[in-house]
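Residue numbers start from 1 in every chain, and the chains themselves are labelled A, B, ... in the order their sequence lines are given, proteins ahead of strands. In this text the structure is predicted, and so the values were computed from the model without any measurement.
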Amino acid sequence: MGDRREPTMRIGALAARLGVSVDTLRAWERRYAVIAPARTAAGFRLYSLADEDTIRAMLGHMEGGLAPAQAAGLARGAAPAPLANEGRLDLLRAELLAAFLSFDAVEAHRIVDEAVATFALPTVINDVWLWCLREIGDRWASGTATVAEEHFASAVIRERMLGMGRDWDAGHGPRALLACPVGERHDVGLIGLGLALGRLGWRITFLGPDTPTESIRAAAANLQPSVVVISALTPAPLLRDAAALQELAGAFPVVLAGPGAAHVVAEELGARVVAGDPVAAARDVAAHLPGSEVVARPA
Amino acid sequence: MGDRREPTMRIGALAARLGVSVDTLRAWERRYAVIAPARTAAGFRLYSLADEDTIRAMLGHMEGGLAPAQAAGLARGAAPAPLANEGRLDLLRAELLAAFLSFDAVEAHRIVDEAVATFALPTVINDVWLWCLREIGDRWASGTATVAEEHFASAVIRERMLGMGRDWDAGHGPRALLACPVGERHDVGLIGLGLALGRLGWRITFLGPDTPTESIRAAAANLQPSVVVISALTPAPLLRDAAALQELAGAFPVVLAGPGAAHVVAEELGARVVAGDPVAAARDVAAHLPGSEVVARPA
Amino acid sequence: MGDRREPTMRIGALAARLGVSVDTLRAWERRYAVIAPARTAAGFRLYSLADEDTIRAMLGHMEGGLAPAQAAGLARGAAPAPLANEGRLDLLRAELLAAFLSFDAVEAHRIVDEAVATFALPTVINDVWLWCLREIGDRWASGTATVAEEHFASAVIRERMLGMGRDWDAGHGPRALLACPVGERHDVGLIGLGLALGRLGWRITFLGPDTPTESIRAAAANLQPSVVVISALTPAPLLRDAAALQELAGAFPVVLAGPGAAHVVAEELGARVVAGDPVAAARDVAAHLPGSEVVARPA
DNA sequence: ATAGGTTTTGTCAAGCTTTTGTACAT
DNA sequence: ATGTACAAAAGCTTGACAAAACCTAT
């Protein structure tokens with residue numbers, strides 16, 4: 001109901017609210033076209049709250065020393081103020097998507113900040129970040145976007161995720177070793193899994209994309225993790241080095257994640273599969289802490 | 001109980017209650033069709049309490065500076081607007097309540113995410129968050145819950161509200177300074193008011209619970225807010241420092257909110273009262289933007 | 001959108017911002033060609049924020065003793081030097097302090113965002129947030145600041161900390177129950193402890209400030225935490241309800257934190273003391289996990 | 001730094017229309 | 001109660017003007 005764009009105020013009311021004379025308001029409209037108020041049948045101007053916002057922005061710039069003409073120019077350009085308000089999540093991710101599609105990193109970071117402040121981490125991972133990446137993927141498939149947008153978006157999201165995972169290997173929880181196999185360069189989902197697992201008390205060691213099996217094995221030998229998580233978008237990278245992975249799975253509990261984690265593959269390698277989105281997969285991993293004495297506490 | 005739609009008052013009675021002349025009431029009916037009173041057999045108008053509500057809404061808008069025609073238009077269209085996802089709301093808040101009663105913060109956050117994604121902010125504030133707190137309060141009164149649940153729930157809700165208010169002092173709107181007086185530690189309602197006011201385009205500076213009047217005064221001197229909102233559950237904290245508050249109200253427009261904002265107190269302090277739930281109170285504040293005193297029209 | 005190169009200021013505005021006369025600005029442009037402002041259709045100069053940066057650089061050099069001609073030459077080809085991580089901390093917290101002292105929440109949040117993105121959590125807690133609060137406290141003691149700034153700063157910081165602790169009770173780690181006793185309203189340090197403990201894999205349930213011992217007991221009975229952490233600035237609130245706390249300490253491992261956690265008090269209550277800043281205290285709590293089979297893993 | 005010319009911008013006026021509270025007649 | 005009338009208040013448009021801010025050139 002409370003639509004910010006509904007025209008309600010006559011010029012006198014607006015002038016009083018803003019502390020600006022009616023003559024001035026009319027002059028600004030005439031000279032800078034900063035607003036275009038609705039009219040009653042008889043021709044009286046009717047202003048909306050959005051119009052008020054615009055003029056306030058202009059006044060703000062003038063208070064900063066700008067001349068009216070320039071202040072009006074800025075106020076006219078920067079008039080977002082949609083705030084449909086219904087369904088914050090939809091709004092936020094639509095904005096984020098728009099920021100990605102226009103390569104606006106500053107705006108993207110701002111929106112991510114807001115999302116992180118507004119929602120809990122699992123929601124942000126699944127319903128904001130990965131949603132955006134999926135959406136951009138769809139647009140690429142339909143020709144509405146190029147690979148560049150996808151690259152840009154995943155770079156920004158990756159940076160934010162890694163920033164949140166800065167100290168994910170602190171503490172005393174069980175340790176997980178995360179990596180993508182050679183040939184797999186998409187690690188955003190895996191980082192999300194790591195974040196979710198980290199919040200469940202685990203210590204995470206992240207080796208990154210495109211990691212040779214031998215590197216994973218060496219790190220595992222060094223760290224003795226409770227589980228090794230390997231993620232891939234397709235089965236191919238997992239099969240390419242099947243022998244080494246099989247050996248790894250013999251020495252440590254190996255879990256496969258991501259769309260490429262087919263059961264057939266897992267069976268062949270002697271590994272376990274965790275399905276679903278990164279947050280669900282992390283819960284699955286945590287629930288099946290291998291070799292674990294699950295300290296069941298009565299509720 | 002009495003139906004608010006039952007026609008009972010004759011025009012003189014209604015005019016007296018509203019402080020509006022009978023001629024004016026008839027003119028408004030004729031010109032704006034804002035109400036359609038019932039008639040006696042002899043043709044006398046009979047108004048209901050609902051009619052009175054409508055006219056009061058219209059008067060409220062006029063006090064905020066709107067011309068009668070527009071005020072009537074808004075009052076006419078201001079139907080309660082029942083919710084589409086009525087059942088959804090009941091389910092969600094029942095789940096949230098259960099999460100609070102079992103101290104399950106993870107689940108509580110998940111549900112809040114869903115609520116925020118589904119409903120508009122005013123609904124979330126009034127019909128989810130504050131509803132839960134009231135419900136827990138009732139259970140405490142009846143011995144079904146302890147203070148611990150209340151503490152826990154309000155900590156979680158408070159955090160979520162503040163998270164959504166992260167950018168509430170951005171923009172160019174009028175500025176509001178919010179605080180609870182010394183002795184008042186419940187600021188959840190005030191935060192809700194701040195959120196709602198923020199969505200109306202205001203800039204919010206929030207000082208928090210238990211704030212000495214001197215601090216409020218210092219911050220006000222620094223920020224020159226358009227209004228200072230002070231909230232309390234009981235009148236006591238407002239009266240304790242009456243002299244200083246009175247002085248504050250002399251220098252800045254002060255508004256009292258919350259159950260403790262009695263008219264007697266306000267009159268003594270030279271402040272204004274906004275009644276009702278936080279969202280309604282915010283609307284009231286916004287409608288009476290001070291410093292734009294549209295000097296009272298003759299009644 | 002906020003492009004630093006957009007021409008907006010007329011010469012008067014720029015002169016006022018820089019504290020330089022308009023004639024001087026025109027002379028510098030003519031003589032040294034430091035800047036080449038855009039022009040309106042009518043020929044008025046329009047400067048951008050980038051232009052302002054350039055002139056400021058020139059002014060900086062002049063303050064260093066250079067003649068205008070040389071200063072202009074340097075400023076023309078200047079690029080802002082990036083900061084090392086070390087000086088970055090000093091700069092960041094100085095900026096944050098300034099934002100708090102001018103009640104600028106938007107700016108404060110921006111800086112906190114940057115701090116969180118740059119430094120590890122313990123650094124942010126101890127060396128940014130608590131540092132700022134201590135600094136403001138000092139200024140209050142010396143009369144350079146009022147309580148209002150302290151209130152404002154701790155409201156913002158508290159909100160950010162709670163936001164980072166949104167999912168701190170997820171997972172399967174040992175559980176800690178955190179609360180301040182009745183009469184103690186400062187919980188910022190305790191929240192910091194909770195955050196640090198959460199990063200170490202613990203699950204945190206936070207009851208907030210001013211919690212009756214009975215509430216703590218009820219929540220503990222419900223949750224069966226591995227440890228109950230109680231924090232106070234002075235010993236008084238701990239002593240007020242000594243009997244009930246003693247009983248609590250009989251049923252659960254109780255740890256006292258904060259400046260009020262004196263050894264004498266702890267001994268009387270049968271509790272343990274953790275000393276030092278919140279991060280150190282959290283490490284201490286984690287290291288002495290009560291009733292625990294410390295599963296020592298070789299690093 | 002001054003002089004002389006141009007542009008910008010808030011305010012006002014004149015002449016006319018619409019809105020709105022109140023008054024009067026039926 | 002209804003219908004009409006009316007005057008004050010508030011709007012609209014066009015046009016104009018003077019102070020302030022800018023420009024170039026000397």
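Of the side-chain N and O atoms in Thr24(B), one or more sit less than 4.0 angstrom from OP1 or OP2 of dT22(D). The phosphate of dG10(D) (OP1 or OP2) has a side-chain N or O of Trp28(A) nearer than 4.0 angstrom. Within the 4.0 Å cut-off from OP1 or OP2 of dT11(D), at least one side-chain nitrogen or oxygen of Ser21(A) is found.
When the nucleotides dC23(E), dT13(E), dG11(E) are ranked by their closest atom to the side chain of Arg45(C), dC23(E) comes out on top.
Atoms CG (Leu25(B)) and C1' (dT22(D)) sit 13 Å apart, rounded to a whole Å. Going from atom OH of Tyr47(C) over to atom C1' of dC23(E) covers 11 Å, rounded to whole Å. Separating the CE atom of Met58(A) from the C1' atom of dG10(D) is a distance of 11 Å, rounded to the nearest angstrom. Nucleotide dC22(E) holds its C1' atom 12 Å from the CD atom of Gln70(A), rounded to whole Å. For the pair Leu14(A) CG and dG11(E) C1', the computed distance is 14 Å after rounding to whole Å. Atom CZ in Arg39(A) sits about 13 Å away from atom P in dT19(D), given to the nearest Å.
If you find the closest nucleotide of DNA chain E to Arg26(B) and to Leu46(A), the one lying nearer the 5' end belongs to Arg26(B). The residue among Ile11(C) and Val22(A) whose nearest nucleotide of DNA chain E is located toward the 5' end is Val22(A).
Counted by atom type alone, Ser48(A) and Asp51(A) present one or more donor-acceptor pairs between their side chains at under 3.5 Å.
For Ser102(C), the side-chain hydrogen bond (donor to acceptor under 3.5 Å, both in side chains) test picks out no residue, with sequence neighbours left out. Residues passing the side-chain contact (heavy atoms from CB on, under 4.5 Å) test with Ala15(C), sequence neighbours excluded: Val22(C), Leu25(C). Ala105(A) meets the side-chain contact (heavy atoms from CB on, under 4.5 Å) test with Phe152(A); sequence neighbours excluded. Residues satisfying the ring-ring contact (aromatic ring centres under 6.0 Å, His included) criterion with His172(B), sequence neighbours excluded, are His61(A). A search for side-chain contact (heavy atoms from CB on, under 4.5 Å) contacts involving Ala16(B) returns nothing, not counting sequence neighbours.
Smallest separation of non-hydrogen atoms from Leu193(B) and Ala282(B): O-CB, 3.7 Å. When every heavy atom of Pro68(B) is checked against every heavy atom of Met62(B), the shortest pair comes out as CG-CE, 3.8 Å.
From Leu49(B), atom CG reaches atom OG1 of Thr8(B) across 5.5 Å, with rounding to the nearest 0.5 Å. The OG1 atom of Thr54(C) sits 10.5 Å away from atom CZ of Arg76(C), with the distance rounded to the nearest 0.5 Å.
The salt bridge (Lys or Arg N to Asp or Glu O under 4.0 Å) pairs that include a residue from residues 259-279 of chain B are Arg272(B)-Asp284(B), where partners are two or more places apart or lie in different chains. Within the structure, every pair that satisfies the salt bridge (Lys or Arg N to Asp or Glu O under 4.0 Å) test and touches residues 13-24 of chain B, not counting sequence neighbours, is listed here: Arg17(B)-Glu52(B), Asp23(B)-Arg26(B).
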Taking only N/O atoms, report every protein-nucleotides 24-26 of chain D pair under 3.5 Å with atom names and distance.
none

Polar atom pairs (N or O), protein with nucleotides 4-8 of chain D, under 3.5 Å:
from, atom 1, to, atom 2, distance (Å)
dT8(D), O3', Arg10(C), NH1, 3.3

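Taken over five-pair windows at either terminus, the axes of the helix from dA1(D)-dT26(E) to dT26(D)-dA1(E) are inclined to one another by 30° (rounded to 10 degrees).
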Problem - Annotated protein contacts, base or backbone, on nucleotides 15-20 of chain E with a non-hydrogen cut-off under 4.0 Å, one of B, S, - each - result: ------

Without placing hydrogens or testing angles, list every side-chain donor-acceptor pair under 3.5 Å for residues 33-43 of chain A, not counting sequence neighbours.
from, atom 1, to, atom 2, distance (Å)
Arg39(A), NH1, Gly43(A), O, 2.9
Thr40(A), OG1, Ala42(A), N, 3.3
Thr40(A), OG1, Gly43(A), N, 3.4
Thr40(A), OG1, Phe44(A), N, 3.0

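A salt bridge does not link Glu247(B) with Arg217(B): none of the charged nitrogens is closer than 4.0 Å to a carboxylate oxygen.
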